[in-house]
Amino acid sequence: MGGAPGFTVTVEWTQAITDLYDWSTTMYLVLCSATDTSGLWTYEGLKHLGVAPLELVLAESLGQPATRWEHRLDRKGAHIKFAPPDGRVLCGSRIRGAINRLPGPPPAIALQAADSDREYAQAELQAFYLSWLNALPGVVLNRPAPSGLCGAWHHASEWAMLAGRAGLPVRPYRQSASDAPEQFYMPQAPEGVVACRFIAFAGAVFGGELYGVQLPEPVVQACGRLAQEAKAQVMGIDLYLDGDGPEGRWSYAGATPSPDLRIGGMPLLRRMAKELTEGGRA
Amino acid sequence: MILVCGIPSETPLRMVTDRLKAMDAEFVIFNQRETANCDMWFAIDGGVLTGELRLGERVCQLEEFTGIYPRLMDDRALPELDDEPEGSPARRHCRGFHDTLMRWIELSPAMVINRCAPMASNSSKPYQGQLIRKLGFLTPETLMTNDPDLVRSFRAQHGRVIYKSASAVRSIVQELTDDDDERLDRIRWCPTQFQAFVEGTNVRVHTIGDEAFATAIRSEATDYRYAARQAGEAAQLREVTLAPELKERCLALSRSLGLEFAGIDLKITPEDEIYCFEVNPSPAFSYYEGNTEQEISAAVARRLMAGISVAAVA
């Protein structure tokens, strides 16, 4: 029995797929952890907005040994199919878009390895996850990168350089051999100043309503350039107001490829829904 | 000024520094084993990168460096730290120094062979395989799975199948045999990489800048790096010339991955199909240079020196 076009599957797997789905339909995924409230909110929100069929795939279920994986590279390209223990069979050939918030392979898997093999098992799982996530077709927010499964991760020094290049004011950055590594995870805002997190997505910045502010257009454009430079489709950017009144400048304080999407509220969700359902058609 | 980082006696590093000496290049070596006597800082202000590197008594301005060759071993495993407990001042300094050095190298406008970020595609061979395919190379039929039955059908379909690590952790490529069947259940926890065996001649292509050095390898072993162990006879290496189109494709592949220097593993089948297995971003080229006298280290040195003239003009 054949499977999806260009994708050979076993009879058992094929039966499971055809039992559950009509081949003519497509699907969207939200990949996140069961503790990722932002990811779960995004799933509920997209479902409410009519993105369908929408499948929630939890990292914890992917970490079960009962989850079956089939990831192939052949002359036609890269393919992924997996079957979590709940009975679903998810096939890349039918996926049209995904919200990817998987920070890494579930640690529980590598913990099954003997002490001497644990580091190797972790590296193998990371390599596998990077490859299968990259094989997802359609619009993937965010696409994986070698430095981060849910988008390219950058060190504070790189973010500072990228933010400056994008046109955001950045405080001088300094690093020396005697600095504690933890300090490079601290916000770049001056001590005592609270930064606001915004979400840059599709050339727009979301989250201003939360703080009752409207970012000036040049700042919005700079945030868009930063996301582009960082090759992140969606990213969180922390800004603080340097100075009071009209003289105040929105300045860079930090960035992340996996922000809390709730900051962007419904306007962000609507834009994501549109991108997921229409973005892959171009 | 060129900065070379690593253990000076390590063969590839020594070969490059010998070439730099022969070419009268101005260079300094950061010897990892003397980290305790080194210090550094860097700063970014207004988009300008500045800083200082102290190697023993010598202090260099970071802006002086126009070429960098980092070939660093894991600093946590340096013999000098063997007796140091976790979190000791010596360990903290060593980690802090290496982190600062690596962060600066990622940002430096110098000719860096190679930066960490582009090297990272090699951390997942099937991921890198997807990038390689975009450049028009064939890649071996690959199955990553935790389902033993799929592996059995894959083997039945292809006949000869090998398995190897998917990550950058080095493994010996092995052929899947009947004896492995009982062990296949062990893959349940961790999807494992299997590939259809490709018949043909192994060719390693080292690309550096616009230069390419091709070496053909004759061996009966599944993994020619371990030919003596697997086939009872060492592999035979000889220099070969690439067709111009293939050379260009190799150079384009390295460029597309952002690598100044790469070791590309090809296999040319009897039908003249070209498979690419992987692109190694930190190739131990000395094995090939030692066997064929191809001047790969000289090309690395030239590329490092080219950074000088580029920066001097800028």
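In this text, all values refer to a predicted model and were calculated from it rather than measured experimentally. Just so it is clear: chains get the letters A, B, ... in the order the sequence lines come, proteins before strands, and each one is counted from 1. Computation of the quantities below employed the complete heavy-atom set of this structure, encompassing side-chain atoms and omitting hydrogens, waters and symmetry-equivalent molecules.
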Next on the checklist: With a 3.5 Å distance limit and no angle check, can you tell me whether His71(A) reaches the backbone of Lys81(A) through a side-chain donor-acceptor pair?
Outcome noted: no
Quick check on the structure: residues of [range] within a heavy-atom distance below 4.5 Å of chain A, by number.
range: residues 38-59 of chain B; answer: Asp39(B), Met40(B), Trp41(B), Phe42(B), Ala43(B), Ile44(B), Asp45(B), Gly47(B), Leu49(B)
range: residues 260-267 of chain B; answer: none
range: residues 118-133 of chain B; answer: Ala120(B), Ser121(B), Ser123(B), Ser124(B), Pro126(B), Tyr127(B), Gly129(B), Gln130(B), Arg133(B)

Between [options], the one whose heavy-atom pairs under 4.5 Å with chain B are most numerous:
options: Pro65(A), Pro172(A), Ala145(A); result: Pro65(A)
options: Met161(A), Arg165(A), His154(A), Arg171(A); result: Met161(A)
options: Trp132(A), Tyr129(A), Tyr120(A); result: Tyr120(A)

Need one label for [X]: side chain, backbone, both or neither, based on atoms under 4.5 Å from any heavy atom in chain A.
X: Phe137(B); value: neither
X: Glu106(B); value: side chain
X: Leu143(B); value: both

Next on the checklist: Is Ser147(A) close to chain B through its backbone or its side chain, or both, or neither, when contacts mean heavy atoms under 4.5 Å?
Outcome noted: neither
Checklist entry - Side chain, backbone, both or neither: which part of Ala180(A) has a heavy atom under 4.5 Å from chain B? => result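 For Ala180(A), neither part sits under 4.5 Å from chain B.
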Checklist entry - Could Asp74(B) and Arg76(B) be called an ion pair, given the rule that one side-chain N must be under 4.0 Å from one carboxylate O? => result yes
Item to check | Residues in ring-ring contact (aromatic ring centres under 6.0 Å, His included) contact with Phe154(B), at least two apart in sequence or another chain | outcome: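 Phe154(B): ring-ring contact (aromatic ring centres under 6.0 Å, His included) contacts with His158(B).
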